[in-house]
2 protein chains.
Amino acid sequence: MRLSTKGRYAVTAMLDLALNGKNGPVTLAEISENQGISLSYLEQLFAALRTKELVRGVRGPGGGYYLGKSADDISIANIICAVDEWVEFTRCGGRQNCSGGARCLTHTLWDDLSTEIFNFLADISLGDLVRRNLGKKDEEEKLTVVASSDSQAA
Amino acid sequence: MRLSTKGRYAVTAMLDLALNGKNGPVTLAEISENQGISLSYLEQLFAALRTKELVRGVRGPGGGYYLGKSADDISIANIICAVDEWVEFTRCGGRQNCSGGARCLTHTLWDDLSTEIFNFLADISLGDLVRRNLGKKDEEEKLTVVASSDSQAA
DNA sequence: GCATTTCCTACTAAATCACTTGGTAATTAG
DNA sequence: CTAATTACCAAGTGATTTAGTAGGAAATGC
């Protein structure tokens with residue numbers, strides 16, 4: 001598992017999209033403005049998110065980005081993996097002379113931990129985060145959550 | 001929270017130390033050999049670990065490193081924070097014009113998530129990891145023994 | 001005294017980060 | 001159709017981080 005600032009930018013941008021994309025697409029320019037991330041960096045991140053089908057782009061005036069699926073079906077792990085290109089940590093998955101030695105033992109331990117971290121993040125969806133915050137901000141605004149708005153009828 | 005390869009190296013090295021340091025100190029040369037990490041890089045990592053008192057160095061022949069405290073009192077979060085120098089993610093902790101806007105909302109969400117990840121890693125100790133693996137190893141050995149006796153019987 | 005080992009500083013090639021620049025392709029408003 | 005808007009794409013860049021070298025100095029055991 002790799003959790004860098006790049007992953008944080010991606011999660012932040014996806015949160016922005018989940019919050020503001022209820023009625024109509026959100027432009028990268030808006031996200032750039034809202035979150036203080038450069039437009040071109042967002043483009044790079046969204047290129048990765050697009051290939052993993054976590055977002056869907058619409059060109060032309062009035063265009064922008066939609067979530068690729070329901071916010072409940074997008075986990076934090078999905079987002080981070082999309083932009084951080086999950087690398088294999090230990091190249092000794094039981095093979096080679098590494099098995100049995102001290103290195104492989106610690107590698108196994110690390111792999112187990114890494115899997116746990118991944119599972120933890122895979123269990124948290126964008127929808128979860130948004131709803132959790134809505135609970136806190138309940139009385140200020142009633143921002144209805146995305147899940148209903150996958151009626152992106154063209 | 002920041003989980004980089006640097007943090008992984010540190011956790012791996014600390015695991016090695018926890019596993020092999022039961023009777024006497026472990027030299028960085030040994031860890032370097034076991035884990036395939038360069039000696040000088042280990043020195044840098046252990047300099048950080050030392051200032052956080054997660055390890056204790058003993059100079060001279062027969063010297064090396066001990067854990068700074070019990071393996072049960074060292075969390076994964078402790079280790080990662082020691083080498084990765086936990087940076088503040090969002091500079092708008094309720095202050096400035098950021099509060100209320102879309103940026104601050106997503107920042108709050110991210111901060112909550114970040115705290116959760118930290119708590120998750122703070123709940124896992126070196127001792128936990130080691131015991132977990134020892135449990136597995138015992139089972140494997142038992143299975144191996146059973147298997148071989150089976151094959152003998154057959 | 002000598003070998004060992006931690007401890008310390010400076011340096012470096014390679015990678016990554018976050019961004020800039022300069023486009024092209026699709027779509028809509030007029 | 002034209003012009004504006006937006007996603008899409010590629011090359012390059014300074015700053016930082018990564019992982020490692022190199023060359024020591026200080027403490028300690030024999």
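All chains are named by letter (A, B, ...) in the order of the sequence lines, taking the proteins before the strands, and each is independently numbered beginning at 1.
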**Message:** Please determine whether side-chain contact (heavy atoms from CB on, under 4.5 Å) holds for the pair A:Leu54 and A:Leu67, giving the CA-CA distance in whole Å, both sets of side-chain angles, and the decisive distance to 0.1 Å.
**Reply:** CA-CA 6 Å; A:Leu54 297 180; A:Leu67 290 181; over 6 Å; no

**Asked** Who passes ring-ring contact (aromatic ring centres under 6.0 Å, His included) against B:Tyr66, sequence neighbours left out?
**Response**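 ring-ring contact (aromatic ring centres under 6.0 Å, His included) list for B:Tyr66, sorted by chain: empty.
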
With a 3.5 Å cut-off and sequence neighbours excluded, list the donor-acceptor pairs that the side chains of residues 41-53 of chain A form with protein atoms.
residue, atom, partner, partner atom, Å
A:Thr51, OG1, A:Ala48, O, 2.8

Mind checking side chain to side chain donor-acceptor pair (under 3.5 Å) for [X] and listing every partner two or more places apart, or none if nothing turns up?
X: B:Ser4; value: B:Asp84
X: B:Thr27; value: B:Glu30
X: A:Gln35; value: A:Asp16, B:Thr106

**Prompt:** Side chains of B:Ser75 and B:Asn78: donor-acceptor distance under 3.5 Å anywhere?
**Reply:**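 B:Ser75 vs B:Asn78: donor-acceptor pair found between side chains.
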
**Asked** With no hydrogens and no angle check, do the side chains of A:Asp112 and A:Thr115 hold a donor and an acceptor under 3.5 Å apart?
**Response**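 No - no donor-acceptor pair under 3.5 Å links their side chains.
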
**Request:** With sequence neighbours excluded, give me every salt bridge (Lys or Arg N to Asp or Glu O under 4.0 Å) pair touching residues 114-127 of chain B.
**Result:**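 Every pair satisfying salt bridge (Lys or Arg N to Asp or Glu O under 4.0 Å) with a residue in residues 114-127 of chain B: A:Arg132-B:Glu116.
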
**Message:** By the salt bridge (Lys or Arg N to Asp or Glu O under 4.0 Å) test, which pairs, at least two apart or in different chains, include something from residues 63-80 of chain B?
**Reply:**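 Passing the test, one end in residues 63-80 of chain B: B:Asp72-B:Arg131.
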
Whole Å only: how far is the [atom1] atom of [X] from the [atom2] atom of [N]?
X: B:Gln35; N: D:dA19; atom1: CD; atom2: C1'; result: 16 Å
X: A:Leu28; N: D:dA7; atom1: CG; atom2: P; result: 4 Å
X: B:Arg8; N: D:dT17; atom1: CZ; atom2: C1'; result: 15 Å

**Message:** Could you check whether any side-chain heavy atom of A:Tyr65 comes within less than 4.5 Å of a side-chain heavy atom of A:Arg56, counting everything from C-beta outward?
**Reply:**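 Result no, sub-4.5 Å side-chain heavy-atom pair not found.
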
Could you pull out the protein-nucleic contacts involving nucleotides 27-30 of chain D (nitrogen or oxygen on both sides, under 3.5 Å)?
residue, atom, partner, partner atom, Å
D:dA27, O4', B:Arg59, NH1, 3.4

**Asked** Hey, what bend do you get for the helix from C:dG1-D:dC30 to C:dG30-D:dC1 if you fit axes on five pairs at each end, rounded to 10°?
**Response**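 Both end axes considered, the difference amounts to 20°.
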
**Item:** Selection: residues 38-46 of chain B, any non-hydrogen atom under 4.0 Å of DNA chain D
**Value:**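 B:Ser38, B:Ser40, B:Tyr41, B:Gln44, in order of number.
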
**Message:** What verdict does the side-chain contact (heavy atoms from CB on, under 4.5 Å) test give for A:Asn20 and A:Asn34, after you've listed the backbone C-alpha separation in whole Å, the side-chain angles of each residue and the deciding distance to 0.1 Å?
**Reply:** CA-CA 10 Å; A:Asn20 298 322; A:Asn34 285 342; 3.6 Å; yes

**Item:** Leading and trailing nucleotides of DNA chain C with any atom under 4.0 Å from heavy atoms of chain B
**Value:**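 Nucleotide range with atoms under 4.0 Å of chain B: C:dA3 to C:dC8.
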
**Message:** Assess the residue pair B:Ser125 and B:Asp128 against the criterion (side-chain hydrogen bond (donor to acceptor under 3.5 Å, both in side chains)); give the C-alpha distance rounded to whole Å, side-chain angles, the decisive distance to 0.1 Å, and a yes or no.
**Reply:** CA-CA 5 Å; B:Ser125 74; B:Asp128 289 335; 3.2 Å; yes

